[in-house]
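Only one structure is covered here, and it is reproduced in the block below.
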There are 2 protein chains.
Amino acid sequence: MTPRTASGTSAVRLAAETWESLFRAQVAVMRRLQSGPAFRDLAVNEYDVLFTLSRCPSGWLRLNELNDNVLLSQSSLSRLVDRLEKRGLVERMPAPDDGRGVLLKLTEEGAALQKEIGREHVRDIAELVGPALTAAEQRELLRLTEKLRASLPSR
Amino acid sequence: MTPRTASGTSAVRLAAETWESLFRAQVAVMRRLQSGPAFRDLAVNEYDVLFTLSRCPSGWLRLNELNDNVLLSQSSLSRLVDRLEKRGLVERMPAPDDGRGVLLKLTEEGAALQKEIGREHVRDIAELVGPALTAAEQRELLRLTEKLRASLPSR
DNA sequence: CCGATTTGCATGCATTTGCATGTACTGCCC
DNA sequence: GGGCAGTACATGCAAATGCATGCAAATCGG
């Protein structure tokens, strides 16, 4: 006996369809965003790292914390950071309180590039999402996705 | 003068935050899904192709239609299909009505593998999404992401 | 009907990615 | 304190990916 909701679809089916729809929407939006001119000389993943660093209060962020935000393996992130460092966009520093750790910070140039791309990027997003959903719908979508993310098992 | 909504945040900012939250939720869920045992011998992208084919009414699907569903370049999809074909999971066939096109279909083995992985996958999804959101919330999230996807400019 | 442009897919090649592993450091238990 | 499992990051190497391009078929403009 599979449990059924009031509407007659099983709970697992509803969850699967919800995830499927969320995933497809993400793919569709991302496809349009990444093909735009904002990312002509920085990959989306690379921008994402700069963005996350720019949002970090202290300015410094551990590599493994960064890794939670990005859909990349640990080794790929390590090399991505290598590239950003070689381009002078971020700075590495050994973590003071943990000899294994590495701290990351934006350089001046990295912060400038993030802002520049960010402006374009935000505009692109608004042009895609703005006309698609009302403000109330966007707020609800924001709330639901935040709740979903917050409710996931920590690992 | 940037326009403001009733809550005091600008429309572009709301759109950007909504997208950011959707994206992070997708990353967080996907990270957990793809590390599970369901994908031990088939990458998520590869499964996704099998899944899409399994949902196709006629059984046959054009490569370029497939490409809309997947976050992959055309060339990468072409080679991904190469791999699936070499493993005997899909079958290629020149499109009858368009000499340039290629049609794709699941083989018996491909359909069986999709079903097998799909069962596990759906269970994993339900375990992640089910406890995080109520059924009503899931339905609303499903509706909003469908609307978002449907409202995007065609390309 | 013919040339020019566009579209759909494949392939060469450089880059990026992940897995497995190595290295250094931490924390735990005794 | 000494051994020992666990964590954080880097690196060798094979595989996957994207860009540019090639080629063939379709579509367009006259």
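The sequence lines fix the lettering, A, B, ..., with proteins before strands; numbering per chain opens at 1.
Using modelled atom types and a 3.5 Å distance limit, the side chains of A:Ser76 and A:Ser73 yield a donor-acceptor pair.
Rounding to the nearest 0.5 Å places CZ of B:Arg40 at 7.5 Å from CD1 of B:Ile117. The distance from atom CG of A:Leu104 to atom CG of A:Leu89, rounded to the nearest 0.5 Å, is 11.0 Å.
Contact annotation: A:Asn64 side-chain N/O to D:dT7 OP1/OP2 distance is not under 4.0 Å. Side-chain N/O atoms of A:Ser78 include one lying less than 4.0 angstrom from OP1 or OP2 on D:dA10. A sub-4.0 Å separation between OP1 or OP2 of C:dT17 and a side-chain N or O of A:Asn45 is present. When the side-chain nitrogen and oxygen atoms of B:Ser76 are compared with OP1 and OP2 of D:dG18, one or more of them lie within a distance under 4.0 Å. The side chain of A:Ser73 contributes an N or O atom lying less than 4.0 Å from OP1 or OP2 of C:dG18.
Side-chain proximity of A:Leu80 to C:dT17, D:dA25, C:dC9: nearest is C:dT17. Closest to the side chain of B:Val102, out of C:dT26, C:dA10, D:dT17, is C:dA10.
Counting to the nearest Å, the P atom of D:dT7 and the CG atom of A:Asp68 are 14 Å from each other. The interatomic distance linking A:Asp41 (CG) with C:dT16 (P) rounds to 13 Å, in whole Å. If you take CG of B:Leu72 and P of D:dA16, they are 12 Å apart, rounded to a whole angstrom. Rounded to whole Å, the distance from CZ on A:Arg83 to C1' on D:dG18 is 13 Å. Regarding A:Lys86, its NZ atom lies at a distance of 11 Å from the P atom of D:dA10, rounded to whole Å. Separating the CZ atom of A:Arg40 from the C1' atom of D:dC19 is a distance of 17 Å, rounded to the nearest angstrom. In this entry the distance linking CG of B:Asn67 with P of D:dC19 reads 12 Å, nearest Å. Distance, A:Leu42 CG to C:dT16 P: 11 Å, rounded to whole Å.
Other residues, nucleotides and ligands contribute at most 12 non-hydrogen atoms within 6.0 Å of the CZ atom of B:Arg13.
Remark: the B:Ser75 side chain and the D:dC19 base include a donor-acceptor N/O pair separated by less than 3.5 Å. A donor and an acceptor atom sit less than 3.5 Å apart, one in the side chain of B:Gln74 and one in the base of C:dA10. For A:Arg100 against C:dT26, a side-chain-to-base donor-acceptor contact under 3.5 Å is absent.
No contact: B:Leu77 has no heavy atom under 4.0 Å from any strand. Across all strands shown, B:Arg79 has heavy atoms under 4.0 Å from base atoms, whether or not it also approaches the sugar-phosphate.
Of the two residues contacting DNA chain C, namely A:Leu71 and A:Gly99, the nearest-nucleotide position lying further toward the 5' end is that of A:Leu71.
Residues B:Glu137 and A:Arg143 are paired through a salt bridge, judged by an N-O separation under 4.0 Å between the basic side chain and the carboxylate.
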**Message:** I'd like to know whether B:His121 forms a ring pair (Phe, Tyr, Trp, His ring centres under 6.0 Å) with B:Phe51, so could you lay out the CA-CA distance, the side-chain angles of the two residues, the decisive distance to 0.1 Å, and finally the verdict.
**Reply:** CA-CA 11 Å; B:His121 185 40; B:Phe51 172 77; 8.0 Å; no

